[in-house]
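A short write-up of the structure that comes next.
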Amino acid sequence: MDIKKLLKDNLNPAQYEAVTTIDGPILVVAGAGTGKTRVIEYRVLYLVSKGISPQSILLLTFTRRAAREMLSRAARHNKLCEYIYGGTFHSFGFSIISEFATALGYKRPISFLDEADSEEIIYRLAIKLGYTEKKKRFPTKTTLKSVISASFNRGESIENVLLKDYPHFLHLAKNIEHLKEEYVKYKINHNLLDYDDLLIYLRLLLLKEPIRKRLSERFRYIMVDEFQDTNKIQAEIVYLLGKEHKNVMAVGDDAQSIYGFRGARYENMFEFLDIFPKAKIIKLEENYRSTQPILNLANAVIERAKKKYTKVLVAKREEKEKPKLFIFKDPQNEAEWVAEKIIELRNEGIPLHHIGVLFRSLYLGRPLEIALSKRLIPYKVYGGIRFIETAHIKDLISHIKIIANPLDELAWQRVLMLIEGIGPKTADKIINEIIKNGNFKEVLFSFSKNPRYGIGIKKLFEALKEASIERLSVAEIVSILSDYYMPILERKYDDYQRRASDIESLKQIAMGYKSIETFLVELIAIEPAEKSIDDIITLYEDEQPVILSTIHSAKGLEWDIVFIIGLADGHFPVSHNVMSEEELEEERRLFYVAITRAKTKLYLSVPHRGYRGGITIFNRLCRFLDDGEILKLLDVSEKDYLFEDYELAYDKEELLRKILEEL
DNA sequence: GCTTTACTAGTTTTT
DNA sequence: CTAGTAAAGC
C-alpha cells in the first residue's frame with residue numbers, strides 16, 4: 001500500500017506536514033478537535049513505514065489509555081506499530097528506572113508507595129520529629145504530601161510553595177523542608193519509590209552523560225502529546241533525551257492546560273522554542289469535531305480570558321443548532337431531567353456510549369448516578385479514586401505485601417486493624433514485636449491466645465502461613481489471601497458484592513504475573529488499568545454504558561451528545577479557585593475543554609437551588625456564561641421538572657398490603 | 001482508664 | 001472516604 005497516498009487521503013495539508021516532517025524539532029499547536037490524535041497515529045505509521053525501528057520510537061502521552069489507543073489504531077495499518085513504547089512519563093520512568101536501578105544504588109525489587117502510603121510515612125516522620133505536638137495547628141498528612149510533591153514537580157522551594165498555596169503555614173517552612181529531607185532519606189534507605197520519584201530519578205539518570213547518551217541513541221524519535229500539561233521535570237526529560245538528534249515533536253494546546261494544580265506549565269510550549277530555536281511550528285485550526293454553534297460558544301468563552309490565545313477554531317461541520325442552557329429547580333430535578341433525556345436519546349437510536357455527562361467535581365454527578373440507577377441505565381464514571389486506591393483492594397494488597405516483605409509496617413497496620421478487637425494501639429504493639437522478633441509467625445502465634453482478638457489472629461496466621469509456602473504462583477497466593485479476606489469484606493461493607501467483583505478482577509490480573517514483587521510494583525506504579533481492569537470490569541455486557549466524567553478525565557475524549565451539569569458559580573468555577581486570577585483562568589480553560597468535547601449537541605444546565613452545610617442557597621449561573629453576549633449564543637429555558645404531578649399510584653391501605661405481601 | 005467502635009460532617013481536579 | 005469526636009466495652 002502506498003503510504004504517501006494513504007496520508008494524502010486522510011490528512012489536510014497542515015496535518016500532512018506534521019506527519020511527514022520527521023527530522024528535527026516540531027511544535028504542533030493543535031486546537032481541540034483538530035485531529036492531533038490522527039497526526040500522532042499517522043506519524044507513527046509513517047516512521048515505521050520508512051523503515052525506522054519501532055524500538056527507537058517513543059510516544060509519551062497523558063494517560064496510558066491514550067497511548068494504547070493511538071498505537072493500536074496505527075497498528076491496523078502496520079503491525080510493527082505495536083512494538084513502539086507508548087505510555088505516560090511515569091510509566092516510562094518506571095521502566096527506565098527498573099532497568100538502571102543499580103545505577104541509582106537501589107536494589108531490586110523496589111517497593112512502590114502509593115499516594116496514601118507516602119502520606120502515612122511523611123506523617124509518621126513528622127510525629128517522630130515532634131512536629132505534631134505543638135499546640136499550633138499542623139498540616140494534615142495530605143497537605144504535607146502535596147506541599148512536598150509540589151516542591152519537586154514545580155522545582156520550587158518549600159517556602160515558595162507555601163507562600164503560594166498555603167500562606168497560613170508559612171511559619172512551618174523550615175520544619176517541612178526538614179521533613180522533605182527525612183522523607184527522601186527514608187525512601188532511599190528502605191528501597192522505596194513514590195510517584196514523583198519516577199520522574200525525579202529518570203531525570204537524575206539522564207543527567208549522567210553515559211546513560212543519557214545511551215537512552216538518547218535508543219529513542220531517536222520522540223513524540224509528546226498534551227505538552228501544555230507537562231511539568232518542569234517532564235519537559236527537562238524531553239530536552240535531555242532529544243539533546244543530540246533533536247527529533248522531538250511536541251503536540252499541545254495552551255488553551256487546554258488544566259493541570260496547573262499538579263505543577264503543569266503551559267509555558268513549556270513556548271520554552272520548547274527557546275530550547276530548539278530551529279523548531280518548525282505547525283498550527284492546526286480546522287476543527288472536525290464540533291458544529292459551528294458549539295465552537296462559537298467555545299471561542300467566546302476563551303476569548304474572554306485574560307491571556308490571549310492565538311487560535312480561533314473554525315468548524316468543518318455546518319449544523320445550526322445552538323447549545324441549550326436549562327435552569328432547574330434543584331440538583332435532583334436536573335438529574336431526573338438528564339436521565340429522562342438520555343432515555344429519549346436512546347429511543348431515538350443514539351447508543352449510550354455516544355453520550356457523555358461532564359461535571360467539575362465528582363459530587364456533582366452523584367444525583368445523576370442515582371437517577372440513572374433508578375432507570376436501570378448502564379453508566380460508568382470516569383475520574384475519582386483509582387481501582388487500586390479503593391479500600392477493599394488496598395486491604396487485600398496489604399496482605400499480599402506482607403508475603404512479599406514480612407517487615408512492611410504499613411501493610412501490617414492495615415491488615416491487623418481489620419481484625420475485630422484490634423485498634424491502632426494493639427496493632428502497634430504487635431507490629432513492634434514483629435519488627436523486634438523478625439519472625440512474624442512466632443509473634444502471631446503468641447498473640448493468638450488473647451481472649452479479645454486471638455481467634456482473628458489465628459485465622460490470619462493460618463492464611464499467611466499457607467500463602468507463604470514456597471513455589472506458589474502469584475495467582476495462588478492472591479487466591480488464598482482473598483479467601484481469608486472475604487469474610488472481613490462482608491462484615492465491613494454493605495455493598496460487599498460489588499467490591500467482591502473487584503477482588504475477582506485482581507485475581508485475574510494476578511494470573512499475568514510470575515513474581516509477586518513485579519505484580520505489586522506494577523500494579524501500584526503503572527496500574528495496568530486501561531488494559532486489564534477496564535476490560536474486566538464490564539458490568540453491562542449487552543449495552544455499552546453512558547459515560548459520566550469529571551472534565552479532567554474527559555481530556556482527549558469526545559461524544560456526540562454532551563451534557564455539562566452543575567454550572568453554578570462556586571461549584572464551577574470552584575469557590576476556592578476564584579480568588580486568584582491564575583486559578584480562575586485555569587477554571588475557564590477547563591470549561592473550554594468541556595465545551596469542545598461535544599460533536600453534535602451540547603446541553604448545559606444549572607440547578608437554581610443548592611444545599612451547603614444544611615442551608616439552602618440560591619445559585620448564580622457560572623460566571624463564564626453569565627454575560628449577555630455569551631447567552632445570545634445559547635437557547636435558554638427554565639425547566640421545573642417535577643414528579644409531584646404523577647397520578648396517585650397507591651393509596652395508603654394498598655401500600656400497606658403490598659409491603660406486607662412482599663414479606 | 002485505656003481502646004475500640006460508631007457516627008457525623010464536609011469533600012477540586014490526578015499520573 | 002477520612003478526620004474528628006462521642007459513646008461503649010473491657
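The figures that follow rest on heavy atoms only: side chains count, while hydrogens, waters and symmetry mates do not. Chain A is the first sequence line, chain B the second, and so forth, proteins listed ahead of strands; every chain is numbered from 1.
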Discussion item. Just checking A:Tyr195 against A:Phe112, ring centres under 6.0 Å apart?
Written reply: yes
Fill in: Nearest-nucleotide pick for A:Lys425, side chain only, options being B:dT15, B:dT4, B:dT13
B:dT4
Worksheet item: Could you give the CE-to-P distance, from A:Met417 to B:dT5, as a whole number of Å?
Response: 9 Å
Item to complete: Would you tell me if any nitrogen or oxygen in the side chain of A:Thr426 comes within less than 4.0 Å of OP1 or OP2 on B:dT4?
Response: yes
Worksheet item: What's the CG-C1' distance between A:Asp197 and B:dT15, to the nearest Å?
Response: 13 Å
Worksheet item: Please give, in whole Å, the distance from B:dT13 P to A:Arg262 CZ?
Response: 13 Å
Worksheet item: Which part of the nucleic acid does A:Leu362 contact within heavy-atom distance under 4.0 Å: base, sugar-phosphate only, or nothing?
Response: sugar-phosphate
Worksheet item: Which part of the nucleic acid does A:Ile422 contact within heavy-atom distance under 4.0 Å: base, sugar-phosphate only, or nothing?
Response: sugar-phosphate
Worksheet item: Does A:Lys180 make a cation-pi contact with A:Phe152, if we ask for NZ or CZ under 6.0 Å from the ring centre and within 45° of the axis?
Response: yes
Discussion item. Rounding to an integer number of Å, can you tell me how far A:Tyr382 OH sits from B:dT14 P?
Written reply: 14 Å
Worksheet, complete the sentence: By nearest-heavy-atom nucleotide on DNA chain B, the more 5' of A:Ser91 and A:Ala427 is A:Ala427
Discussion item. Does A:Phe62 reach a base, just sugar-phosphate, or nothing at all? Heavy atoms under 4.0 Å.
Written reply: sugar-phosphate
Discussion item. On the six-membered ring of A:Tyr382, is A:Arg65 placed so that its NZ or CZ lies under 6.0 angstrom from the centre and within 45° of the ring axis?
Written reply: yes
Worksheet item: Which sits closer to the 5' end of DNA chain B, A:Pro424 or A:His552, going by the nucleotide each is nearest to?
Response: A:Pro424
Worksheet entry | A:Ser553 side chain near B:dT14 phosphate (N/O to OP1/OP2, under 4.0 Å) | yes
Discussion item. Need one value for A:Lys141: base, sugar-phosphate or nothing, where a base atom within 4.0 Å counts as base even if backbone is also close, heavy atoms only.
Written reply: sugar-phosphate
Discussion item. Just to be sure I understand the rule, does A:Arg452 reach a base, reach only the sugar-phosphate, or reach nothing, if contact means heavy atoms closer than 4.0 Å?
Written reply: sugar-phosphate
Discussion item. Under 4.0 Å from OP1 or OP2 of C:dC1: is there any side-chain N or O of A:Arg499 that close?
Written reply: yes
Worksheet item: What is the distance, rounded to the nearest whole Å, between atom CG of A:Asp395 and atom C1' of C:dC1?
Response: 13 Å
Discussion item. Taking 4.0 Å as the cut-off, does a side-chain nitrogen or oxygen of A:Thr550 come that near to OP1 or OP2 on B:dT14?
Written reply: yes
Fill in: Whole-Å distance separating the NE2 atom of A:His571 from the P atom of B:dG10
14 Å
Worksheet item: What is the ring orientation for A:His552 with A:Tyr259, classed by angle as parallel under 30°, tilted 30 to 60°, or perpendicular over 60°?
Response: perpendicular
Worksheet item: Given atom CZ of A:Arg65 and atom C1' of B:dT14, what is their separation to the nearest angstrom?
Response: 13 Å
Practice prompt. Have a look at A:Glu115 and say if it touches a base, only the backbone sugar-phosphate, or nothing, with a 4.0 Å heavy-atom cut-off.
Written response: base
Discussion item. Is the base of B:dT11 stacked against the aromatic ring of A:Tyr363, taking ring centres under 5.5 Å apart and planes under 30° as the test?
Written reply: no
Worksheet item: Is there ring stacking between A:Tyr259 and B:dT14, where the centres must be under 5.5 angstrom apart and the planes under 30 degrees?
Response: no
Worksheet item: Between A:Arg154 and A:Asp165, does a salt bridge (charged side-chain N to carboxylate O under 4.0 Å, His left out) hold up when you go through it step by step?
Response: CA-CA 12 Å; A:Arg154 306 211 292 244; A:Asp165 296 347; 3.4 Å; yes
Worksheet item: Would a line drawn from the ring center of A:Phe94 to the ring center of A:Phe92 be shorter than 6.0 Å?
Response: no
Worksheet item: Rounded to whole angstrom units, what separation is found between the NZ atom of A:Lys492 and the P atom of C:dC1?
Response: 10 Å
